[in-house]
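Notes follow the structure.
Computation of the quantities below employed the complete heavy-atom set of this structure, encompassing side-chain atoms and omitting hydrogens, waters and symmetry-equivalent molecules. In what follows, every chain begins at residue 1, and chains take the letters A, B, ... in the order their sequences are listed.
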Number of protein chains: 2
Amino acid sequence: MARKTGSHSEITGPLVRAAAQRLIAAHGFAAVSMRQIASAVGVQAGALYLYTPDKQTLLFNIMRDHLQELLTTWADQAQHEHPIGRLETFCKFHINYHIDRPDEVFIAYMEMRNLEPDNFAAIETLRHEYEDQLETILLAGQSSGDFKLPDSRLATMAIIAMLTGVNTWYQEDGRLSRQRVERIYWNMVRRAVGA
Amino acid sequence: MARKTGSHSEITGPLVRAAAQRLIAAHGFAAVSMRQIASAVGVQAGALYLYTPDKQTLLFNIMRDHLQELLTTWADQAQHEHPIGRLETFCKFHINYHIDRPDEVFIAYMEMRNLEPDNFAAIETLRHEYEDQLETILLAGQSSGDFKLPDSRLATMAIIAMLTGVNTWYQEDGRLSRQRVERIYWNMVRRAVGA
DNA sequence: GTCTATAATCAGATAGAC
DNA sequence: GTCTATCTGATTATAGAC
């Protein structure tokens, strides 16, 4: 193999991230070696260290960036005034956002245990912030009388688990269209919260 | 350390399984070494190979036994005649069974990707059998007019995801009692299926 | 049944050539 | 910016002593 020359940092950097995301989602962080990532990018293992100080930071950045983008994207969409409308928007947003980013979502859920303590705490805080977005909606609906829920925190966890589960079975060209999936999930959530 | 003598196969075998379960649930299959498992049991790494032909089989047996016991335990409880009663029994069974076996459940969901192809297929079949147990209930309730669901397969996946999610937050001495958790989840499921 | 020792391989990360 | 070469240490699994 001929040696590569010239500057590619603006190309290779994103490629490293993309390859790491794909491989870690498929095989797990601990099961993927730096050599595998390098091979997928088309460079040698040593070259990866130009783009990340170490393997742990690579994982942490993938998870942090995913959750931060999730939060900012939701912040842009959370405009509805009424609890029912806001809950519907949240359901459809959550489903679409997760369907579109299966690898990031999978990693953010599955690789918590491979984070070092400080990184773990930071990611847990971001995830908690997102859960609070839904709980705030449920509490507002409770106050307004739109929802009937004995425990808003349990309902928050139940709804997020239900919606995120879409990634375990949904396929883009499958039996159900994206719009149909959105609508069915929303109907189940709507009924579950007593709206 | 003095060398151990005498026969302990009936003691050590289950200890190996138990240690492997605990460690794999905590750190992930790929991240746990045979030496760590051996150390947790109190033997040397080489001795583990008296109880498993290799690391892969150890994982497979943990997952297979968990799912087989899940299926047989449910088969013993599935007595209710009416769809609503059967669904209630299923919800409470699923929640309790999962709360009681967090490690096995976690491994069965998270370590699919570390199974070799044949083992993966076998575990997937068992998981599918369990999902079919719930779908059968939903289809019966649909036919009898007790449930109103646009898609029974989606509802099956949604309900299982929602109920299994209890393991991500439930704590035995937490704010909510087990009976209360069972009842709240059942109420959300009952409303979600339109009963 | 368990140990020690070892084979063969692979890991993450770094140094220095180009 | 990337490569090659290398360091250091860990990995699964086996062989043979006891």
Side-chain angles (χ1 to χ4, degrees), chain A residues 1-21 23-24 26-63 107 111 113-119, chain B residues 1-21 23-24 26-63 107 111 113-119:
Chain A
M1 209 53 129
R3 161 110 165 287
K4 309 287 177 52
T5 57
S7 169
H8 297 94
S9 75
E10 287 172 11
I11 301 168
T12 306
L15 288 181
V16 169
R17 164 75 67 106
Q21 245 173 41
L23 288 168
I24 292 171
H27 307 110
F29 176 73
V32 172
S33 69
M34 294 298 269
R35 280 169 178 77
Q36 280 176 273
I37 297 169
S39 168
V41 174
V43 297
Q44 294 296 318
L48 296 183
Y49 291 87
L50 294 167
Y51 306 100
T52 182
D54 50 37
K55 200 188 174 194
Q56 169 73 201
T57 305
L58 189 54
L59 174 63
F60 174 67
N61 286 341
I62 288 171
M63 295 172 79
I107 292 170
E111 303 297 351
R113 60 192 174 180
N114 284 306
L115 291 173
E116 288 164 6
D118 286 357
N119 292 339
Chain B
M1 212 49 135
R3 159 110 166 289
K4 308 288 178 50
T5 58
S7 168
H8 297 96
S9 73
E10 287 171 10
I11 301 168
T12 307
L15 286 182
V16 169
R17 164 75 68 104
Q21 244 173 42
L23 287 168
I24 292 171
H27 307 110
F29 176 72
V32 171
S33 70
M34 293 298 267
R35 279 172 177 76
Q36 280 175 275
I37 297 169
S39 167
V41 174
V43 298
Q44 293 297 316
L48 296 182
Y49 291 87
L50 293 167
Y51 306 101
T52 181
D54 50 37
K55 198 187 174 195
Q56 168 74 202
T57 305
L58 189 55
L59 174 63
F60 174 68
N61 286 340
I62 289 171
M63 295 172 79
I107 292 170
E111 303 297 352
R113 60 191 175 182
N114 285 306
L115 290 173
E116 289 165 7
D118 286 358
N119 292 340

Phosphate OP1/OP2 of C/dT2: any B/T12 side-chain N/O under 4.0 Å:
yes

Looking only at side-chain N and O atoms, does A/S33 come under 4.0 Å of OP1 or OP2 in C/dC10?
no

Roughly how many Å is it from [atom1] in [X] to [atom2] in [N], rounded to a whole number?
{"X": "A/L58", "N": "C/dA13", "atom1": "CG", "atom2": "P", "value": "10 Å"}
{"X": "A/H27", "N": "C/dA11", "atom1": "NE2", "atom2": "P", "value": "13 Å"}
{"X": "A/F29", "N": "C/dA11", "atom1": "CZ", "atom2": "P", "value": "13 Å"}
{"X": "A/L50", "N": "C/dA15", "atom1": "CG", "atom2": "P", "value": "13 Å"}
{"X": "A/Q36", "N": "C/dA11", "atom1": "CD", "atom2": "P", "value": "7 Å"}

Taking the nucleotide of DNA chain C with the nearest heavy atom to each, does B/Y51 or A/M34 sit closer to the 5' end?
B/Y51

Please check: side-chain N/O of B/E116 versus main-chain N/O of B/Q56, any donor-acceptor pairing under 3.5 Å?
no

Are A/N61 and A/R17 side-chain neighbours, meaning at least one heavy-atom pair lies under 4.5 Å?
yes

Does a side-chain heavy-atom distance below 4.5 Å link B/I107 with B/L59?
yes

So what does B/V32 hit on the nucleic acid, given a heavy-atom distance under 4.0 Å: a base, only sugar-phosphate, or nothing?
sugar-phosphate

Where the side chain of B/Y49 is concerned, which of C/dC3, D/dT2, D/dA13 is the nearest nucleotide?
D/dA13

Which of the following nucleotides, D/dG1, C/dA13, C/dT2, is nearest to the side chain of B/A47?
C/dT2

Which is more 5' along DNA chain D, the nucleotide nearest A/R35 or the one nearest A/Q44? Just name the residue.
A/Q44

If I take atom CG from residue B/L58 and atom CD1 from residue B/I24, how far apart are they, to the nearest 0.5 angstrom?
5.5 Å

